[in-house]
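Lettering follows sequence order; numbering is per chain, from 1. Here the structure is a predicted model, which is why all the values come from computation and not from measurement.
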Amino acid sequence: MSGKGLASRADGKGIEGSFDPGAIEGELYARWERSGCFAPTGNGAPYCIAIPPPNVTDRLHIGHAFQHTLMDALIRYQRMNGRCTLWQTGTDHAQIATQMVVERQLLAQGTTLQDLGRKAFIDKVWDWKHGTGGDISRQIRRMGSSVDWSRERFTMDEGFSRAVMEVFIRLYEEGLIYRGQRLVNWDPKLKTSISDLEVDSREEAGRLWHFRYPLAPGLATDDGKGYLVVATTRPETMLGDTAVAVHPDDERYRSLVGKDVELPLAERRIPIIADDYVDPAFGSGCVKITPAHDFNDYEIGTRHGLALVNIFNADASVNDNAPPAYRHLDRFVARERIVADLDAAGLLERIEEHTLTVPRGDRSETVIEPWLTDQWFVKIGPLAEPAIRAVENGDIEFVPRQYENMYFAWMRDIRDWCISRQQWWGHRIPAWYDDAGKVHVGRTEAEARLKGGLDDAVALRQDDDVLDTWFSSALWTFATLGWPERTPELERFHPTDVLVTGYDIIFFWVARMIMMTLKFTGEVPFRKVYVHGMVRDAEGAKMSKTRGNGLDPLDMIDGISTEGLVAKRTANMTQPQMAADIAARTRREYPDGIPPYGTDALRLTFCAMASQGRDLAFDLKRIEGYRNFCNKLWNATKFVLMHVDGVADRASPIEESPADRWILSRTRKLAATAHRAIAAYRFDLYANAVYEFAWHEYCDWYLELTKPVLFDEEASAAQVGAARHTLLEVLATLLRIAHPMVPFITETLWRRLPKGNGTGDESTLMRQPFPTVDALPDDPEAEAAIDWLKTVVTGIRTIRGELNVSPARTMDLLLQGGSTRDRELLATTESLLRRLAKIGNLNWLATEDEPPPASVQVVGDLKIIVPLAGLIDLEAERRRLHKEIDKLAKDLRRVDGKLANDGFLAKAPAAVVAKERDKGEALHKQLDALAGQLSRLHAL
RNA sequence: GGGUGUUUAGCUCAGUUGGGAGAGCAACGGCCUUACAAGCCGUAGGUCGCAGGUUCAAGCCCUGCAACACCCACCA
């Protein structure tokens, strides 16, 4: 190393105490934000990530914290690499979720949506949004996320709304948005349609009711019965039945096809039809058909021209199409009544327990009703095709790859997207109706009139519906950058580089972004999709309010008392009966609450756990280890600053030791690993490499290796200077490499270091260059020397450990055998060896000399001999040797087995064979040495 | 019913093109050694889910099976 890395300005302030995250984080973030260093700067190649916009209703949860850590690591890394970096942030208006939140608040205040009226309600929502609704943005700051706050967007801000309207109009004009009457998923609680994706199918225990439907007079089945048996899980829908279906090949019923049954209770006559859909083996082989309330039956109804009888109101109470006895009853009340009435009429054959999949709304959790309504749809086929191609041809890559299969499977079987919602909060559909019910679409009412040739005298009424929230989120990457305007930002940062997201919204969001972005910009929205797993609790269970197993990232950062945690977990429970259990478990699991670990420790934990493509079980125990790591960095820096004071003189000559050269070469390997890991989105490997290097190479070995020099009064100024320079240079390099994961502590420590060793903006580590591999020396010779030293020192320590010799006690050391190379290596490392292993006298024994009673370790050809006199317990040493010999003998048997195998010799590559031979020889030598030693001990 | 993933030390997970099974935490033993007890030194622990196959050689490739997890799907 030359002296060039280090500077003349050493502030030499030093640091005290230990790592205290609370004392550094808040102030530091504020300083970063004020200084504007989150905004894109410079002429580097652009690098852009669009944040998955959290809902305005969200509070920062562990999933956000995880995701934001990964994004921030990527952003900070690329910023340090000199890229012109934009992390585009913002929030989503979260149509249904937000309306529910504000509606609940109104209810608590004793008023309702209807009382307020549409306009006043929307004003209320905006008020809420400007108040507590934006908390999530403030919380994101606590994670250290370096987003560009000056460009924060909202999916209902003015510009974004313009983009949404523009997209709607253009799709409508192309015929890709249409309005029509269809059977849709209807949420009777929210009284709105929802898309297929918003329906969760869950297995639930239910029943299968078998009813008798009497045949029309004069008819009978083959076996003489006057009725057909139909089975249903939903008795109430029978009021809307318009047929009974059998399989066309079913001999039992062939003669009845085309005839009628009497629909009980409704007192209607409905036909018996034949359709392939029916499975003759299931139940009686007869199926009741309710086209207005079942998706399959709707299809069958269409095929057979059946009437649709809608029997439900919007809240799923029975309507006036049903017999008077059932009108206005809730669907589940009606069910009971109908079963009872059929039973009374002798038409209930039997009831079976039955597990069925029940469709529930993902927001309301209520049972979804297929219901016939007028809705707006996106004709999705033409949009899906190019989106499939973009992934097929590699324009977009998923990491890990397997998620592409999931994407393809869904996209190739995609169905039209119902985008209208019967709600108030959201983007209102830009369509107007005249008195005749004719629809006029335009960006504004005026445009709609103009296009429809309507003058002001014609009354128009705007469509009441709003758009699915995902319709606007689909435009996120380009609308946030200014589309439909061709802004410089759009030119520069689109397509974005990578989308970091969970697999749970691949269909909701990722797929739709790809479709919409290709359609409107002709570009992909992002080149890569990094799909991360979901954060679960330590046992692998989903974190949920109901389970009371959630962990708030802010509580891990700031700490929380046991009772604070209990209060949090049991507040506002939907199932209050769980509260006692949750409180008890929380007190058991967190008897001392959660200590404040700080943001860096949390971030490092997330990085280390970000394995590919699977969920992660978040165990709080992990974070403690990474907090300790931060403290380790703190203390290492404290040590360095104690010694670099006055290093500043660049002109002084320095003389690097093998240890100095070794750690620099190892630093080069670290940089290489970091670059490679980040490029592959292997945050776990990146975190592990930094941890391993900092703790086990830099601290455990290098710092210790500098002490013999720093504390040696006879060491030359050049030697001491080299150690100081290297300590500092490697620390500065390490801080830069670690910074994207642990920004707060690295920045804090870096500020204390003497400056002048970077090429970036000296005021912040954020703008220092990320170390390049080429700037660091590759020094295999030094690595070999220190590896040798480590092996010898470890051998001696093992002897100490096994024989319980105090580390404080100085021991003598004899060496025997060994190659010329061993003698060279000893010569270069002897002073280090003496110090690290606490060696007194050190002598070579001639090969033929008989060693004294001793404990022996063998390294290659070299015997490390620690004379036993007065040190040990012979029996313990014999046991140790036996164990060692057994282990080596086992290895040797395997090697010999290979070498005795002709197939191996003939077919394995020469290098592999040679390696085995060398291994065998080494094992033989070691075994001989240990066996000799053992026999000598027995002779004592 | 179709599909994907997982199965490696007590726990959480690495293991790159097939070539001597690894880390962290937990456990055990010893240390307040001049940055750090949130620390230091050392030790122990695994028939790599099961059964076959390919290969000189399998944690890794192929086939089958099992368990678990998730995604999709119209069995009343």
Side-chain angles (χ1 to χ4, degrees), chain A residues 15 18-19 201 208-209 230-234 237 245 277-279 281-290 294-300 354 356-357 400 402-403 405-406 409-410 413 503-504 506-507 533-534 538-540 595 597 601 608-609 611-619 621-622 624-643 676 680 682 684-685 688 691-692 696 699-700 703-704 707 710-711 793-794 797-802 804-808 838 880 891 894-895 898 901-909 911-913 915-916 919 923:
Chain A
I15 52 176
S18 42
F19 172 58
S201 287
L208 195 55
W209 285 268
V230 296
T232 180
T233 55
R234 303 209 46 203
T237 63
Y277 164 75
V278 179
D279 174 2
F282 188 93
S284 64
C286 302
V287 185
K288 63 188 271 306
I289 302 298
T290 322
D294 183 283
F295 289 103
N296 293 310
D297 293 5
Y298 183 83
E299 294 297 318
I300 294 172
H354 180 75
L356 69 161
T357 48
Q402 75 244 21
Y403 286 106
N405 293 329
M406 211 167 114
W410 188 69
D413 191 32
Y503 56 76
D504 54 333
I506 288 179
F507 305 146
M534 300 290 135
E539 277 77 48
Y597 291 114
M609 295 181 76
S611 51
Q612 293 236 292
R614 66 156 113 184
D615 290 345
L616 41 137
F618 190 89
D619 192 336
K621 274 184 257 166
R622 286 289 295 268
E624 187 179 339
Y626 292 107
R627 188 270 319 260
N628 295 351
F629 174 81
C630 291
N631 191 44
K632 191 77 177 172
L633 274 185
W634 185 274
N635 284 312
T637 303
K638 187 154 70 173
F639 175 84
V640 171
L641 289 177
M642 282 169 58
H643 294 285
R676 206 179 323 115
R682 290 299 303 267
D684 56 336
L685 301 182
N688 288 340
Y691 183 100
E692 165 69 22
H696 298 305
C699 289
D700 285 353
L703 256 50
E704 296 304 323
K707 288 177 183 175
L710 297 173
F711 296 139
V793 168
T794 304
R797 283 177 180 165
T798 303
I799 292 172
R800 280 184 186 274
E802 296 278 344
N804 259 331
V805 178
S806 157
K838 196 127 185 176
R880 189 182 73 78
D891 284 351
R894 192 172 44 224
V895 172
K898 277 193 179 182
N901 181 338
D902 291 340
F904 175 72
L905 297 177
K907 295 192 180 175
V912 173
V913 176
K915 204 170 141 196
E916 289 297 318
K919 202 191 298 172
L923 284 169

Atom pair distance, as rounded to whole Å: [atom1] in [X] and [atom2] in [N]:
X        : N      : atom1 : atom2 : answer
A/Asn804 : B/rG29 : CG    : P     : 11 Å
A/Arg682 : B/rC13 : CZ    : P     : 14 Å
A/Leu685 : B/rG15 : CG    : P     : 6 Å
A/Asp619 : B/rA23 : CG    : P     : 20 Å
A/Arg622 : B/rA26 : CZ    : P     : 12 Å
A/Asn688 : B/rC13 : CG    : P     : 14 Å
A/Glu704 : B/rC36 : CD    : C1'   : 10 Å
A/Lys638 : B/rG39 : NZ    : P     : 14 Å

Could you tell me how far [M] sits from [N] if I compare only their [atom1] atoms? Round to whole Å.
N      : M      : atom1 : value
B/rC28 : B/rA44 : P     : 16 Å
B/rC36 : B/rG29 : C1'   : 22 Å
B/rU12 : B/rG52 : C1'   : 32 Å
B/rG24 : B/rU8  : C1'   : 15 Å
B/rA9  : B/rU47 : P     : 9 Å
B/rG19 : B/rG2  : C1'   : 39 Å

Residues in salt bridge (Lys or Arg N to Asp or Glu O under 4.0 Å) with [X], at least two apart?
X        : answer
A/Arg682 : A/Asp684
A/Lys898 : A/Glu916
A/Glu692 : none

Looking across every strand, which nucleic acid part, if any, lies under 4.0 Å from [X] by heavy atom: base, sugar-phosphate, or nothing?
X        : value
A/Arg797 : sugar-phosphate
A/Arg800 : nothing
A/Lys919 : base
A/Phe19  : base
A/Ser806 : nothing
A/Glu692 : nothing
A/Cys699 : base

Heavy-atom side-chain contact between [X] and [Y] under 4.5 Å:
X        : Y        : value
A/His354 : A/Trp209 : no
A/Leu710 : A/Lys707 : no
A/Phe282 : A/Val287 : no

[X], nearest nucleotide to its side chain (from [options]):
X        : options                : answer
A/Ala617 : B/rU12, B/rG19, B/rA14 : B/rU12
A/Lys915 : B/rG20, B/rU43, B/rC13 : B/rG20
A/Lys632 : B/rG39, B/rA21, B/rA38 : B/rG39
A/Arg614 : B/rU43, B/rA21, B/rC13 : B/rC13

Whichever of A/Gly801 and A/Ala608 has its nearest RNA chain B nucleotide further upstream toward 5': A/Ala608
Map A/Ala636 and A/Asp684 onto RNA chain B by nearest heavy atom, then report which one ends up closer to the 5' terminus. A/Asp684
I'd like to know if A/Lys621 reaches the base of B/rC25 with its side chain, counting only an N/O donor and acceptor under 3.5 Å. no
Would you tabulate the nitrogen or oxygen pairs shorter than 3.5 Å linking the protein to nucleotides 54-57 of chain B?
from   : atom 1 : to       : atom 2 : distance (Å)
B/rC56 : OP1    : A/Lys907 : NZ     : 2.0
B/rC56 : O4'    : A/Gly903 : O      : 3.4
B/rC56 : O2'    : A/Asn901 : ND2    : 2.8

Protein N or O to nucleotides 66-76 of chain B N or O, pairs below 3.5 Å:
from   : atom 1 : to       : atom 2 : distance (Å)
B/rC74 : O4'    : A/Asn296 : OD1    : 3.1
B/rC74 : O4'    : A/Asn296 : ND2    : 3.3
B/rC74 : O2'    : A/Asn296 : ND2    : 2.8
B/rC74 : N1     : A/Asn296 : OD1    : 3.2
B/rC74 : O2     : A/Asn296 : OD1    : 3.4
B/rC75 : O2     : A/Asp279 : OD2    : 3.4
B/rC75 : N3     : A/Asp279 : OD2    : 3.3
B/rA76 : O2'    : A/Ala231 : O      : 2.4
B/rA76 : N6     : A/Asp279 : O      : 2.5
B/rA76 : N6     : A/Phe282 : O      : 2.7
B/rA76 : N1     : A/Asp279 : N      : 3.1

Mind pulling the stems RNA chain B is in, i.e. runs of at least three Watson-Crick or G-U pairs, everything under 3.5 Å? B:1-7 with B:66-72, B:10-13 with B:22-25, B:27-31 with B:39-43, B:49-53 with B:61-65
Decide side chain to side chain donor-acceptor pair (under 3.5 Å) for A/Asp615 and A/Tyr503; before the verdict, give the C-alpha distance in whole Å, the side-chain angles of both, and the deciding distance to 0.1 Å. CA-CA 10 Å; A/Asp615 290 345; A/Tyr503 56 76; 2.9 Å; yes
Nearest 0.5 Å, what's the CG-CZ distance between A/Asn628 and A/Phe19? 10.0 Å
Just jot down the side chain to side chain contact (heavy atoms under 4.5 Å, CB included) partners of [X], sequence neighbours excluded, or say none.
X        : result
A/Ala617 : none
A/Val640 : A/Val644, A/Tyr698, A/Leu727, A/Leu728, A/Leu731
A/Ser18  : A/Asn631
A/Met642 : none

Can you pull every protein N or O that's under 3.5 Å from an N or O on nucleotides 32-34 of chain B?
from   : atom 1 : to       : atom 2 : distance (Å)
B/rU34 : O4     : A/Arg835 : NH2    : 2.9

Do A/Tyr597 and A/Tyr626 have ring centroids that are under 6.0 Å from one another? no
OP1 or OP2 of [N] under 4.0 Å from side-chain N/O of [X]:
X        : N      : result
A/Thr798 : B/rC41 : no
A/Asn628 : B/rG39 : yes
A/Ser611 : B/rA14 : yes

Ring pair (Phe, Tyr, Trp, His ring centres under 6.0 Å) against A/Phe618, all qualifying residues, sequence neighbours excluded: A/Phe606
